[in-house]
Amino acid sequence: MAPNPASVFNADARQDAQPITSDKLVSVIHVSLEYRTAQRIVRATHDMSFDVYGSDRFVLLGPSGCGKSTLLKAIAGFIEPVAGEITLDGARVRGPGADRIVVFQEFDQLPPWKTVLQNVAFPLRVAKKLSRAQARERALHYLDKVGLASFADAYPHTLSGGMKQRVAIARALAMQPRVLLMDEPFAALDALTRRRMQEELLKLWADERFTLLFVTHSIEEALIVGNRVLLLSPHPGRVRAELNSHPYTRDGASRVDFQRGVERIHHLLFDTDEPSA
Ligand SMILES: Nc1ncnc2c1ncn2[C@@H]1O[C@H](COP(=O)(O)OP(=O)(O)OP(=O)(O)O)[C@@H](O)[C@H]1O
């Protein structure tokens with residue numbers, strides 16, 4: 001992808017908005033993805049390229065059908081490209097692995113027969129081969145990070161949607177993946193909880209500096225969560241633009257700046273007459 005993408009904000013803000021590190025972690029190189037059914041072939045993405053750097057909060061943003069989820073599944077290793085390749089640390093992605101963990105939108109991603117602690121600890125024992133005590137310790141550490149240490153013995157059905165998503169995030173982070181993949185993780189939450197979860201995610205990121213690849217169709221969410229935002233157009237999904245974002249504060253100037261960013265992205269996504277960057 002272009003090394004110097006446009007900034008949605010003013011020139012001063014741009015310094016904040018470059019990739020966080022220079023370590024190229026995930027590369028999507030001329031990737032096309034398809035679904036084949038008995039009746040037809042659906043091309044979900046066409047010739048897409050971009051790079052995600054270590055500690056990036058990289059957002060895929062676009063309207064329904066632009067292939068965001070498909071792309072995330074391909075990076076997770078569940079779908080193989082029909083053209084191009086995806087690499088992680090320079091090695092071709094050939095299937096799923098514990099180095100890429102996905103958090104989905106659905107609240108039912110936690111086995112209901114396991115407690116919160118067991119939900120977080122179990123994959124650590126299986127995939128990371130930690131002892132029971134080590135897994136418990138690490139699970140409790142990440143449950144504490146998401147504010148749920150006191151719910152360790154609760155079962156998922158007793159938790160709110162936001163709490164379930166926090167458990168899913170703790171479970172993913174506890175695995176310490178190379179990339180955390182999130183597919184509209186807050187889309188099914190009410191607006192207030194969604195906003196709080198976005199802030200909590202940013203706080204977690206500030207503590208842990210994990211690499212995040214986040215899918216959303218909300219422009220506001222993309223600007224809040226991401227430091228880099230890839231805009232996609234649909235049918236088939238293609239890269240429309242890559243933009244930098246930057247952390248914004250609650251002061252008036254920042255809010256105006258934010259609103260301008262939202263409008264600019266809206267224009268880039270939906271108007272055929274694109275303004276120059
Ligand atoms: N299992 C499937 N079989 C056939 N076609 C599919 C399948 N899943 C997705 N598609 C098609 O692939 C294209 C991309 O879908 P995808 O779900 O990746 O888009 P998206 O940007 O994530 O959309 P949304 O925001 O609505 O989830 C769409 O045209 C969709 O109809």
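Order of listing sets the numbers, starting from 1, for every ligand and every atom in it. Side-chain atoms are counted along with the backbone in the values below, which use heavy atoms only and exclude waters and symmetry mates.
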Minimum-distance protein heavy atom relative to [atom]:
atom	result
atom 13 (C) of ligand 1	A44 CB, 3.9 Å
atom 23 (O) of ligand 1	G65 N, 2.9 Å
atom 4 (C) of ligand 1	Y35 CB, 3.4 Å
atom 27 (O) of ligand 1	S69 OG, 3.9 Å
atom 30 (C) of ligand 1	V42 CG1, 4.7 Å
atom 26 (O) of ligand 1	S64 OG, 2.5 Å
atom 15 (O) of ligand 1	T70 OG1, 3.7 Å
atom 25 (O) of ligand 1	K68 NZ, 2.9 Å

Q: Could you tell me whether the side chain of K145 reaches within less than 4.5 Å of the side chain of E208, counting heavy atoms only?
A: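 They are in side-chain contact.
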Q: Could you tell me if any non-hydrogen atom of G62 lies under 4.0 Å from any atom of ligand 1?
A: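 Heavy atoms of G62 never come under 4.0 Å of ligand 1.
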Q: Verify the distance criterion only: is there a donor paired with an acceptor across the side chains of Q165 and Q105 at less than 3.5 Å?
A: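 Side chains of Q165 and Q105: no pair found under 3.5 Å.
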Q.
Does either side chain, that of S27 or that of D51, offer a donor lying less than 3.5 Å from an acceptor on the other one?
A.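 Checked: S27/D51 side chains pair up, N/O donor to acceptor below 3.5 Å.
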Flag yes if more than 12 heavy atoms outside [X] fall under 6.0 Å of its [atom1] atom; otherwise flag no.
X	atom1	value
R178	CZ	no
E137	CD	no
R136	CZ	no

Q.
If you scan the protein for heavy atoms around atom 9 (C) of ligand 1, do you find one that is closer than 4.0 Å?
A.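 At least one protein heavy atom is under 4.0 Å away.
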Q: Salt-bridge test for K203 and E199: reply yes if a basic N is under 4.0 Å from a carboxylate O, no otherwise.
A: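 Salt bridge flag = no for E199 with K203.
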Numbering the atoms of ligand 1 from 1, which are under 4.0 Å from a heavy atom of [X]?
X	answer
E184	25 (O)
P63	21 (O)
G67	14 (C), 16 (P), 18 (O), 19 (O), 20 (P), 21 (O)

**Q.** T70: side-chain contact (heavy atoms from CB on, under 4.5 Å) partners, not counting sequence neighbours
**A.**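 Counting only residues at least two positions away or on another chain, T70 forms a side-chain contact (heavy atoms from CB on, under 4.5 Å) with L33, Y35, A44, I79.
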Q: Before signing off on this row, confirm whether T37 and ligand 1 have an N or O atom pair separated by under 3.5 Å.
A: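 Checking ligand 1 against T37, no N or O pair falls under 3.5 Å apart.
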For a quick test of your reading: what N or O donor-acceptor pairs under 3.5 Å do the side chains of residues 149-156 make, sequence neighbours left out?
none

